[in-house]
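Every chain is numbered from 1 and lettered A, B, ... according to where its sequence line falls, protein lines coming before strand lines. Worth saying up front: this structure is predicted, and the values here are computed from it rather than measured.
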Protein chains: 2
Amino acid sequence: MEHRELMVRAAWLYHVEGLTQQQIAERMNVTRRRVNEILSEALETGVVRISFDSVLAESVELEAKLRQRFGLKDAVVVPSPSDPALIHSVLGRGAAGFLGRLIQTQKPASIGVGWGSTLRETIHHMLSLNEPQIKVRSMMGGLTHGSEINTFEIVRGFAQVLNAQCRYFAAPIYAESAESRDAIISQAVFQQTFKQICEVDVAYLSVGDVSQQSLQVRYGLPEGMSEKILQKAGAVGDLMGRYLNAAGKEIDHPLNRQVLSPEMEDFRRIGCRIVASGGAHKHRILHAVAQSGLVNVLITDADSARALLAAR
Amino acid sequence: MEHRELMVRAAWLYHVEGLTQQQIAERMNVTRRRVNEILSEALETGVVRISFDSVLAESVELEAKLRQRFGLKDAVVVPSPSDPALIHSVLGRGAAGFLGRLIQTQKPASIGVGWGSTLRETIHHMLSLNEPQIKVRSMMGGLTHGSEINTFEIVRGFAQVLNAQCRYFAAPIYAESAESRDAIISQAVFQQTFKQICEVDVAYLSVGDVSQQSLQVRYGLPEGMSEKILQKAGAVGDLMGRYLNAAGKEIDHPLNRQVLSPEMEDFRRIGCRIVASGGAHKHRILHAVAQSGLVNVLITDADSARALLAAR
DNA sequence: ACATCGATGTAACATATGTAACGTAACCCA
DNA sequence: TGGGTTACGTTACATATGTTACATCGATGT
């Protein structure tokens with residue numbers, strides 16, 4: 001029996017039929033210890049899912065307020081976890097629900113994605129769908145630093161959970177110079193790629209702050225560049241590697257001319273621009289992208305929503 | 001705080017944040033005992049749901065075989081529980097998933113429903129949807145015997161979980177005589193009702209057997225009528241109160257002329273005719289409705305599916 | 001006013017689950 | 001072939017959960 005099948009069977013017996021782990025062990029001819037491990041793994045891998053058929057009144061209210069305040073098409077507010085380590089997971093849960101519904105009801109032809117922990121968690125929480133006509137593509141270059149939150153893994157993860165087509169953007173997030181960037185994107189293959197990125201039906205991204213908490217700050221910035229320099233130039237965070245000030249405008253800094261991602265004016269033409277992010281360190285960049293209209297669907301946690309609404 | 005809200009909060013802390021019941025008790029200023037009760041209730045009422053992001057290979061195979069063998073538009077096979085008391089619940093779970101997807105993707109304008117335990121469980125397992133343009137209506141008369149599986153409760157239950165419109169069929173399942181039935185349905189209000197029933201986009205029903213296990217046999221049959229009489233007349237079960245033989249044809253019996261439900265030839269014109277039922281005592285009637293084409297979507301358990309496929 | 005009933009707190013207990021410790025077998029690689 | 005690593009069985013233990021027993025309180029009905 002395939003391992004996934006084993007997980008489903010054990011989990012069904014436990015959650016639906018209400019058997020104890022010992023009873024399941026006897027039924028399936030394994031040890032109780034194995035059953036315990038299988039059940040944990042089933043929850044961990046998303047084979048078994050816990051969901052809620054109700055939303056908190058507080059979230060509903062905050063969502064309405066966010067939509068109104070920032071002119072959003074939609075908003076999703078998830079409860080803020082007391083353990084900050086859980087922020088990506090709860091955001092991913094909320095985003096997965098939203099994306100799943102959007103995909104099933106609106107059938108987008110193409111989805112552009114960013115990368116990072118929140119996106120990783122979104123994949124984890126999504127229900128498998130069968131959408132072979134959908135193209136999932138990276139919206140920007142990626143880290144050379146390999147990890148499962150890297151752009152390649154994220155695109156592939158989404159493509160797999162959706163059974164969709166996978167389109168990589170095979171470039172780093174930053175070129176060595178503005179001239180180098182211009183040389184790269186002047187090539188026909190990249191022209192085509194940028195054109196397609198700008199034409200996606202849905203963009204699903206996260207944002208980064210300007211601190212050592214940001215993976216991009218840690219692994220993506222060119223030599224000699226630091227968060228201090230970016231902050232000094234007025235940066236409060238980044239969207240697709242473009243550092244923005246509090247008003248949501250790109251800071252006047254050479255780095256923003258080295259970035260391999262769509263121009264903001266092109267990005268704004270995408271119909272559905274989703275940003276999922278949260279936590280205290282993201283409040284400033286979230287406010288920037290919401291206030292400036294860069295994002296028209298915001299997925300965040302309750303504390304962040306309140307902070308956004310309280311900001312002048 | 002509203003009770004449902006209390007359940008969601010406690011369940012979130014337990015299932016998402018991973019707190020123990022004692023920790024939750026302290027957080028919410030209640031006793032651990034209350035937390036334990038709330039968590040149980042959340043699962044029981046469907047506020048919290050366990051779902052599976054994978055299907056068993058066996059089910060997939062059986063579904064394909066059922067579709068092919070009986071010319072079905074679709075089939076759903078759920079694992080057969082070892083405890084027969086769970087049959088309604090597991091069928092309801094499978095049916096809820098199917099119906100939820102169908103409603104979201106195909107947006108039917110109207111749904112006709114039957115009544116019984118399986119339908120009761122379907123409601124229980126469905127996710128709340130917001131479909132105010134959908135009309136949910138009874139497809140047949142109901143029991144005078146009050147219970148939550150009664151036609152009125154079922155229609156209302158579906159209407160509530162879908163936030164849809166509710167249309168009752170205010171009549172008993174059987175009239176006193178064929179003449180009485182004809183007199184009833186000749187009235188304009190019932191003519192209108194029957195017309196609308198026959199025009200639903202989706203019919204979702206269960207079937208009954210001819211034994212004391214059937215609630216209809218126990219509470220719905222007129223005076224002097226028994227399962228023995230019906231069996232002797234060739235009945236293997238009923239669909240919408242119409243007793244059918246093994247070939248899926250109505251038995252030649254006066255009872256079938258007293259019944260307040262659509263004629264079978266009218267029923268066949270409904271585009272999506274779903275029957276959910278299972279268990280050993282239902283095999284004969286399931287085979288009858290599948291073989292005869294009365295049903296074009298079948299939801300059943302694995303053992304029943306195998307029995308249906310093995311029948312000549 | 002009194003009796004009854006249901007909800008719930010408190011405390012205890014039974015059982016189920018999660019995990020640690022140790023040993024063994026299987027697998028892989030040099 | 002031998003050594004190292006991993007997976008897993010066995011056993012025990014810690015803790016978490018589910019449930020019981022009893023008492024109390026508040027609400028309701030007569």
Asker: Please round to 10 degrees the angle between the axis of the first five pairs and the axis of the last five pairs in the helix from dA1(C)-dT30(D) to dA30(C)-dT1(D).
Answerer: 40°
Asker: What residue pairs, at least two apart or across chains, pass ring-ring contact (aromatic ring centres under 6.0 Å, His included) with a residue in residues 17-56 of chain A?
Answerer: F52(A)-W12(B)
Asker: Ignoring hydrogens and angles, answer whether the base of dT10(D) and the side-chain atoms of R33(A) contain a donor-acceptor pair closer than 3.5 Å.
Answerer: yes
Asker: For DNA chain C, which nucleotides open and close the run of contacts to chain A, 5' to 3', at under 4.0 angstrom from a non-hydrogen atom?
Answerer: dA16(C) to dA21(C)
Asker: For R137(B), what residues pass the salt bridge (charged side-chain N to carboxylate O under 4.0 Å, His left out) criterion, not counting sequence neighbours?
Answerer: none
Asker: Any luck finding a side-chain donor-acceptor pair between T151(A) and Y168(A) under 3.5 Å?
Answerer: no
Asker: Can you tell me if E17(B) and S82(A) form a side-chain donor-acceptor pair at under 3.5 Å?
Answerer: yes
Asker: Before accepting this row, confirm whether a basic side-chain N of the pair R4(A)/D53(B) lies closer than 4.0 Å to the acidic partner's carboxylate O.
Answerer: yes
Asker: Can you find a heavy atom in the side chain of V16(A) that is under 4.5 Å from one in the side chain of L86(B)?
Answerer: no
Asker: Salt bridge (charged side-chain N to carboxylate O under 4.0 Å, His left out) with R218(B): which residues, sequence neighbours excluded?
Answerer: none
Asker: Under the rule for salt bridge (charged side-chain N to carboxylate O under 4.0 Å, His left out), what residues qualify as partners of E61(B), not counting sequence neighbours?
Answerer: K65(B)
Asker: Any pair with a residue in residues 26-50 of chain A that passes ring-ring contact (aromatic ring centres under 6.0 Å, His included), sequence neighbours left out, goes on the list, sorted by first then second residue, please.
Answerer: none
Asker: Which residue pairs pass the ring-ring contact (aromatic ring centres under 6.0 Å, His included) test with at least one member in residues 76-96 of chain B, sequence neighbours excluded?
Answerer: none
Asker: Within residues 11-23 of chain B, which residues have any heavy atom lying less than 4.0 Å from an atom of DNA chain D?
Answerer: Y14(B), T20(B), Q21(B)
Asker: Taking salt bridge (charged side-chain N to carboxylate O under 4.0 Å, His left out) as the cut-off, I'd like each qualifying pair that reaches into residues 34-45 of chain A, sequence neighbours left out, listed once.
Answerer: R33(A)-E37(A), R34(A)-E37(A)
Asker: Could you list by number each residue of residues 34-45 of chain B showing a heavy-atom separation from DNA chain C of less than 4.0 Å, or answer none if no residue does?
Answerer: R34(B)
Asker: Identify, with sequence neighbours excluded, every residue that meets salt bridge (charged side-chain N to carboxylate O under 4.0 Å, His left out) alongside E131(A).
Answerer: K107(A)
